[in-house]
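Read the structure below first, then the notes.
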Amino acid sequence: MIMKLEDIIKERRSIKRFKDIPVPIDTIRSLLETSTWAPNHKLTQPWRFVVVHGDSRLKLAEATRAFIAGKEKDPEKKEAAGQRGYNKLIGVPMFVAVIMEENPNPMTREEDYAATSALIQNFSLLAWEQGIGLIWETYGMIHSIEFREALGVKPGEKIVGSLHVGYPDMIPAPRPRNAIDQLLIIMD
């Protein structure tokens, strides 16, 4: 059955629990290729992607362990806190880091951020259409040296999202949205 775009938009959910089934890299490549057709003022195409799956997830999980343990103020809780962070990330089948070149011109940088966000939404909807779920994460760790180094992020680049990607193990129920009449002003 072919889904209508309206249905895909309304049915898509942020997924936090995944089945232990790898997502084919060719599928991700195809989804990313289509996602790059996002609106992009002046066609700067400021994005690039790092896909982390399989054993390479260990590097990200270790960076997470170090970051979270380093934030814990109680020395007796550092190890346990770091381990919880490690366990959370190692349970994700695949990460897609969406990295944006930060243009020195503030206006272009803002337009590029909007375009990169549109690209992530495209990817999310295309993935959902294929039965693949994700959650778009922007946790503080994406700014840490350990995490940036683990992904090969260069100075002058911003991680716009760390997408946790996989086949959903649980799909949450929809949460209500505000009625459009509460949000809309029509000026004649």
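Transitive grouping of hydrophobic side chains (ILVMFWY, heavy atoms separated by less than 4.5 Å) keeps Val52 and Leu134 in distinct clusters. A chain of hydrophobic side-chain contacts below 4.5 Å, direct or via other Ile, Leu, Val, Met, Phe, Trp or Tyr residues, connects Ile186 to Ile180. Clustering ILVMFWY residues whenever any of their side-chain heavy atoms sit less than 4.5 angstrom apart, transitively, puts Val165 in the very cluster that holds Trp136. At a threshold of 4.5 Å between side-chain heavy atoms, the hydrophobic network of Ile, Leu, Val, Met, Phe, Trp and Tyr places Leu31 and Val51 in one connected group. Phe18 and Ile21 fall into different hydrophobic clusters, where Ile, Leu, Val, Met, Phe, Trp and Tyr residues are linked whenever their side-chain heavy atoms come under 4.5 Å apart, directly or through other members.
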Taking only distance into account, with no hydrogens and no angle test, what donor-acceptor pairs under 3.5 Å do side-chain atoms of residues 113-133 form with protein atoms, sequence neighbours excluded?
unit_1 : atom_1 : unit_2 : atom_2 : d
Thr116 : OG1    : Asp112 : O      : 2.8
Ser117 : OG     : Tyr113 : O      : 3.0
Asn122 : ND2    : Ser35  : O      : 3.3

All N/O donor-acceptor pairs, side-chain side in residues 90-105, below 3.5 Å, sequence neighbours left out:
unit_1 : atom_1 : unit_2 : atom_2 : d
Asn103 : OD1    : Asn105 : N      : 2.8
Asn105 : OD1    : Met107 : N      : 2.8
Asn105 : OD1    : Thr108 : N      : 3.1

Would you tabulate the side-chain donor-acceptor contacts of residues 139-147 under 3.5 Å, counting partners in other chains and residues two or more places apart, or write 'none'?
unit_1 : atom_1 : unit_2 : atom_2 : d
Tyr139 : OH     : Ser162 : OG     : 2.8
Tyr139 : OH     : His164 : NE2    : 2.9
Ser144 : OG     : Met141 : O      : 2.8
Ser144 : OG     : Phe147 : N      : 3.2

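Between the side chain of Arg17 and the backbone N or O of Ile15 there is no donor-acceptor pair closer than 3.5 Å.
No side-chain heavy atom of Lys88 sits under 4.5 Å from any side-chain heavy atom of Thr64. Within the 4.5 Å cutoff, the side chain of Glu11 has heavy atoms near those of the Met3 side chain. Using a 4.5 Å heavy-atom cutoff, the side chains of Val160 and Trp47 are not in contact. Considering only heavy atoms from C-beta on, Thr36 comes within 4.5 Å of Phe49 through its side chain.
Residues passing the side chain to side chain donor-acceptor pair (under 3.5 Å) test with Glu137: none are found, sequence neighbours excluded. Legend: residues meeting side chain to side chain donor-acceptor pair (under 3.5 Å) with Glu33, ordered by chain and number and at least two apart, are absent. A search for side-chain contact (heavy atoms from CB on, under 4.5 Å) contacts involving Lys10 returns Glu6, not counting sequence neighbours. Not counting sequence neighbours, Arg84 has no partner by the salt bridge (charged side-chain N to carboxylate O under 4.0 Å, His left out) test. Every residue two or more places apart in sequence or in another chain was checked for a salt bridge (charged side-chain N to carboxylate O under 4.0 Å, His left out) with Lys42, and none qualifies. Shown here are the salt bridge (charged side-chain N to carboxylate O under 4.0 Å, His left out) partners of Glu62, two or more places apart in sequence or in another chain: Arg65.
Residue pairs meeting the side-chain hydrogen bond (donor to acceptor under 3.5 Å, both in side chains) criterion with at least one member in residues 178-188, sequence neighbours excluded, do not occur. Pairs passing the side-chain hydrogen bond (donor to acceptor under 3.5 Å, both in side chains) check and including a residue from residues 66-81, sequence neighbours excluded, do not occur.
Connectivity analysis of hydrophobic side chains (ILVMFWY, heavy atoms under 4.5 Å, direct or indirect) links Ile135 to nothing; its cluster partners are none.
Heavy-atom contacts from other residues, nucleotides or ligands closer than 6.0 Å to CD of Gln83 number more than 12.
Separating the CG atom in Leu32 from the OG1 atom in Thr27 is a distance of 11.0 Å, to the nearest 0.5 Å.
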